[in-house]
Amino acid sequence: MKKNIRKILIANRGEIAIRVMRSCRMMGIRTVAVFSDADEGSPYLRHADEVYHIGNSPARESYLDMEKIVGIAKQANVDAIHPGYGFLSENPAFVERVDSEGLIFIGPTADAIRKLGDKTSAKEIAGRAGVPVVPGTVSALTSVPEALRTAASVGYPVILKAAAGGGGKGMRIVRAEEDLEGAFAMAKSEAGSSFSDDRIYLEKYIQDPRHIEVQILADSFGTVLHLGERECSIQRRHQKIIEESPSPAVDDSVRTDLTAAAVRLASGVGYTNAGTVEFIMDRDGKFYFMEVNTRLQVEHPVTEWRTGVDIVREQIRIAAGERLALSQGDVSFAGHAIECRIYAEDSANGFLPWTGRIEHINHPAGPGIRLDTGLENGSVISAYYDPMISKIISWGMTREESLLRMREALRGYEIYG
Ligand code: ADP
């Protein structure tokens, strides 16, 4: 059934709020932005048609406060809520809360988020869809002896991961049997404190892994298509910092298998809206399912540039109950796109997040350069949120050209203070 979306609340801040509002404007949709104390006067607010204060600076008291967000959505009389990434974007309780008010959540259903958000249940789903999964436990570990048995059967090194994990947190590599018991206790307590859910599971640790993910789009008529892969192997502390598409490590035959696996998995759970199926690839080019991110990703621009598809626009159209405007055959891929995430970090101090006022910033521009940011001169990077300053995306006919443009953009980037 087609629904009318005329006004959207963006339950987010910074660059992604701006990104979503751009697509809304191009679709003739009005936008509502929300801000915490720390974000008062932030550039993203100037992009919105209406602006509402939602609370104190800590995310718990603002961007994570479901009741406040739903309350403003009602007050502003919006039709839909776009969650961006992070915050409430993968919270099934929030989706249900939005549904219960008769509002549209721009994303998958609560059921799909719940099934795929739990990494162990997602692995089961992948297995059922005939998608290879990393050898290890498929359900949460209940005891140290069980962990020892599984580790012995898959072989060391292994990695302990939080079932409810995210953001690269709660992972522990175990290289030898004698270290497993201690690591088990630490991983469990870390999972409990970071995610209020201490279930952990175990996987074979893939050496020199490549992280390769597939962007998918699915409408509510059963059409699922993919927009190719992204290579996200350049990470720090298990967090992506540079992404590119296509992956230089994937040949056509692997690409066909990888994208088909992602589509099969999404079809199997009746997935709708945009999502990303993440895989890990070993040195021999064998890939295994890792997890699904049921939201728009930070690195979506590299895919947008190669395919020309506005992913946010498609998200909104799908949420409105429309059919995907394109078929797999219509998706074409051109050139090579790279994204660099620029962070405020103290490089002399282990790259810890850094806070403060940006005294001077001059974002790069030039042929084949896209810059997504929520900051300008005088903006403050606070300790409350992610310290990302911007995303530079370069495009070129070839990887070499894309790299040259990226280097030139990075060279010309001025950030002081
Ligand atoms: P999160 O949801 O916290 O981002 P992921 O499951 O996506 O966690 O893993 C993040 C990163 O951790 C991967 O991109 C990869 O670099 C590393 N990783 C995860 N599982 C494994 C594994 N089994 N072997 C090797 N590295 C892994």
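Both ligands and their constituent atoms are indexed starting at 1 by order of listing. Start at 1 with the first residue, then count along the sequence.
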Contact partition for Ile206 relative to ligand 1, non-hydrogen atoms under 4.0 Å: both
Side-chain donor or acceptor of Glu181 paired with backbone N/O of Glu178 under 3.5 Å: no
Residue and atom name of the nearest protein heavy atom (relative to atom 11 (C) of ligand 1), distance in Å to one decimal: Gln235 OE1, 3.7 Å
Side chain, backbone, both or neither: the part of Gln239 lying under 4.0 Å from ligand 1 by heavy atom: neither
Heavy atom of the protein closest to atom 9 (O) of ligand 1 (residue, atom name, distance): Met171 CE, 3.9 Å
Cation-pi, Phe35 ring and Arg13 (6.0 angstrom, 45 degrees): no
Polar side-chain atom of Asp197 near backbone of Ala164 as donor-acceptor pair, under 3.5 Å: no
For His211, the ligand 1 atoms whose distance to one of its heavy atoms is below 4.0 Å: 13 (C), 14 (O)
Those atoms of ligand 1 less than 4.0 Å from some heavy atom in Lys119: 1 (P), 2 (O), 3 (O), 5 (P), 6 (O), 8 (O)
Heavy-atom donor-acceptor pair, Thr373 side chain to Ile389 backbone, under 3.5 Å: yes
Heavy-atom donor-acceptor pair, Lys391 side chain to Ile342 backbone, under 3.5 Å: no
For atom 3 (O) of ligand 1, closest protein heavy-atom neighbour: Gly168 N, 2.5 Å
Region of Gln207 engaging ligand 1 - heavy atom pairs below 4.0 Å: neither
Minimum-distance pair of heavy atoms, taken over all atoms of Lys204 and Val134: O-CG1, 3.5 Å
Atoms of ligand 1, numbered as shown, that sit under 4.0 Å from any heavy atom of Lys161: 6 (O), 19 (C), 20 (N)
Parallel, tilted or perpendicular: rings of Trp305 and Trp395 (30°, 60°): parallel
Those atoms of ligand 1 less than 4.0 Å from some heavy atom in Pro209: 25 (C), 26 (N)
Interfacing atoms of ligand 1 (cut-off 4.0 Å, heavy-atom, Glu278): 7 (O)
Polar contact flag for Tyr205 and ligand 1 (N/O pairs, less than 3.5 Å): no
For Val34 against Tyr63, the heavy-atom pair lying closest together: O-CE2, 3.8 Å
Residue and atom name of the nearest protein heavy atom (relative to atom 18 (N) of ligand 1), distance in Å to one decimal: Ile280 CD1, 4.0 Å
Minimum heavy-atom distance between Ile200 and Ala191, given as atom pair plus value: CG2-CB, 4.0 Å
Enumerated ligand 1 atoms positioned under 4.0 Å from heavy atoms of Glu291: 1 (P), 2 (O), 4 (O), 5 (P), 6 (O), 7 (O), 8 (O)
Candidate list Lys115, Lys161, Lys119, test salt bridge (charged side-chain N to carboxylate O under 4.0 Å, His left out), partner Glu291, passing option: Lys119
Taking atom 17 (C) of ligand 1 as the reference point, the nearest protein heavy atom with its distance: His238 ND1, 3.5 Å
